[in-house]
Amino acid sequence: LIKYISWKIDIERMVKIMNFKELAAARYSLRKFSDKPIEKEVLDTVLESARLSPTAANFQPQRILVVNDENVLEKLRECTPYHFNAKTVLVVCYDKSKAWVRDEDDKNYGEVDASIVAAHIMLQAADIGLGTTFVGVFDEEPLKEKLDIPENFVPIGIIPIGYPREDARPAHFHTKRLPIEETVFYNKF
Ligand SMILES: Cc1cc2nc3c(=O)[nH]c(=O)nc-3n(C[C@H](O)[C@H](O)[C@H](O)COP(=O)(O)O)c2cc1C
């Protein structure tokens, strides 16, 4: 227990002194959650960073469902194998009737907006010692039905969120990133 507590203190200290670059490197998809509930003010910090996210024309079409009721969690767990038994799960949606639409080709930017919101959520969570995984594997229609998601809302991702279990570690994918030359180009692809 003492070892665990000192490890936690080390992690918390590390988390506090991390600059953004270090935070971006340290965040990883957490797939082992402890049962420790997220304190209200801690969750509020994450949701506030989601609120501050930029959106197309500042239309703010994101709609986030916080699922922390065991009955609702059970319904959600029927819609994805990747719930990791987290006690809190955020379902990130956008309201397609409220999102900015590009004149030139009628492209609805709601999915882009909601994805940026999801990034804010994951990085803010990591900054305060919480873990998340962005989950794209879910049955959209059953999810909408079981969670009473309004017709106009499009769920783009499910984000289990919580404190890491003691034995949680990044998966091997976390350290596998393409060399910068494969993803960044100057002036010409
Ligand atoms: C759009 C998207 C969908 C994803 N879907 C899932 C998923 O359904 N299940 C899962 O376990 N991880 C999912 N992930 C997590 C990725 O597998 C993970 O981010 C990637 O392997 C890099 O690892 P890291 O996040 O630990 O750095 C998803 C990530 C993104 C961005």
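Both ligands and their constituent atoms are indexed starting at 1 by order of listing. Keep in mind it's a predicted model, so treat the numbers as computed, not measured. Heavy atoms only: backbone and side chains are in, while hydrogens, waters and symmetry mates are out.
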Is there a side-chain contact between I158 and L143 (heavy atoms, below 4.5 Å)?
-> yes
Nearest non-hydrogen protein atom to atom 21 (O) of ligand 1, with distance, is F173 CB, 3.4 Å
Among the heavy atoms of F84, does any lie under 4.0 Å from an atom of ligand 1?
-> yes
Applying a 4.0 Å heavy-atom criterion (strictly less than), which segment of Y28 is in contact with ligand 1: side chain, backbone, both, or neither?
-> both
Here the atoms of ligand 1 under 4.0 Å from any heavy atom belonging to V137 are 8 (O)
Can you pull out the closest protein heavy atom to atom 6 (C) of ligand 1? Residue, atom name and distance to 0.1 Å, please.
-> F134 O, 3.1 Å
Looking only at protein heavy atoms, identify the closest one to atom 22 (C) of ligand 1 and say how far it is in Å.
-> R177 NH1, 3.6 Å
Honestly, is K96 close enough over Y94, meaning NZ or CZ under 6.0 Å from the six-membered ring centre and within 45° of the axis?
-> no
Find all atoms of ligand 1 within a distance of less than 4.0 Å from any non-hydrogen atom belonging to R27, and give their numbers and elements.
-> 24 (P), 25 (O), 27 (O)
For F173, look at atom CZ and say whether over 12 heavy atoms of other residues, nucleotides or ligands are found less than 6.0 Å away.
-> no
re atom 9 (N) of ligand 1, the protein heavy-atom contact at minimum distance is Y82 CG, 3.4 Å
About how many Å separate OG of S53 and CD of Q124, when rounded to the nearest 0.5 Å?
-> 12.0 Å
Within a radius of less than 6.0 Å around CD of E145, do more than 12 heavy atoms belonging to other residues, nucleotides or ligands occur?
-> no
Sub-3.5 Å donor-acceptor pair from the side chain of T80 to the main-chain atoms of Y82, do we have one?
-> yes
So which heavy atom in the protein is nearest atom 5 (N) of ligand 1, and how far is it from that ligand atom?
-> G136 N, 3.0 Å
Given R31, M122, H174, which has its nearest heavy atom closest to atom 17 (O) of ligand 1?
-> R31
K176 touching ligand 1 at heavy-atom level, < 4.0 angstrom | no
Side-chain contact, heavy-atom cut-off 4.5 Å: P54 with H120?
-> yes
For T133, atoms of ligand 1 separated by under 4.0 Å from a heavy atom | 10 (C), 12 (N)
Can you tell me the protein heavy atom closest to atom 25 (O) of ligand 1 and the distance?
-> S29 OG, 2.6 Å
Can you tell me how far the CZ atom of F33 sits from the NE2 atom of H83, to the nearest 0.5 Å?
-> 11.5 Å
Test: E70 and R77 ion pair at under 4.0 Å = yes
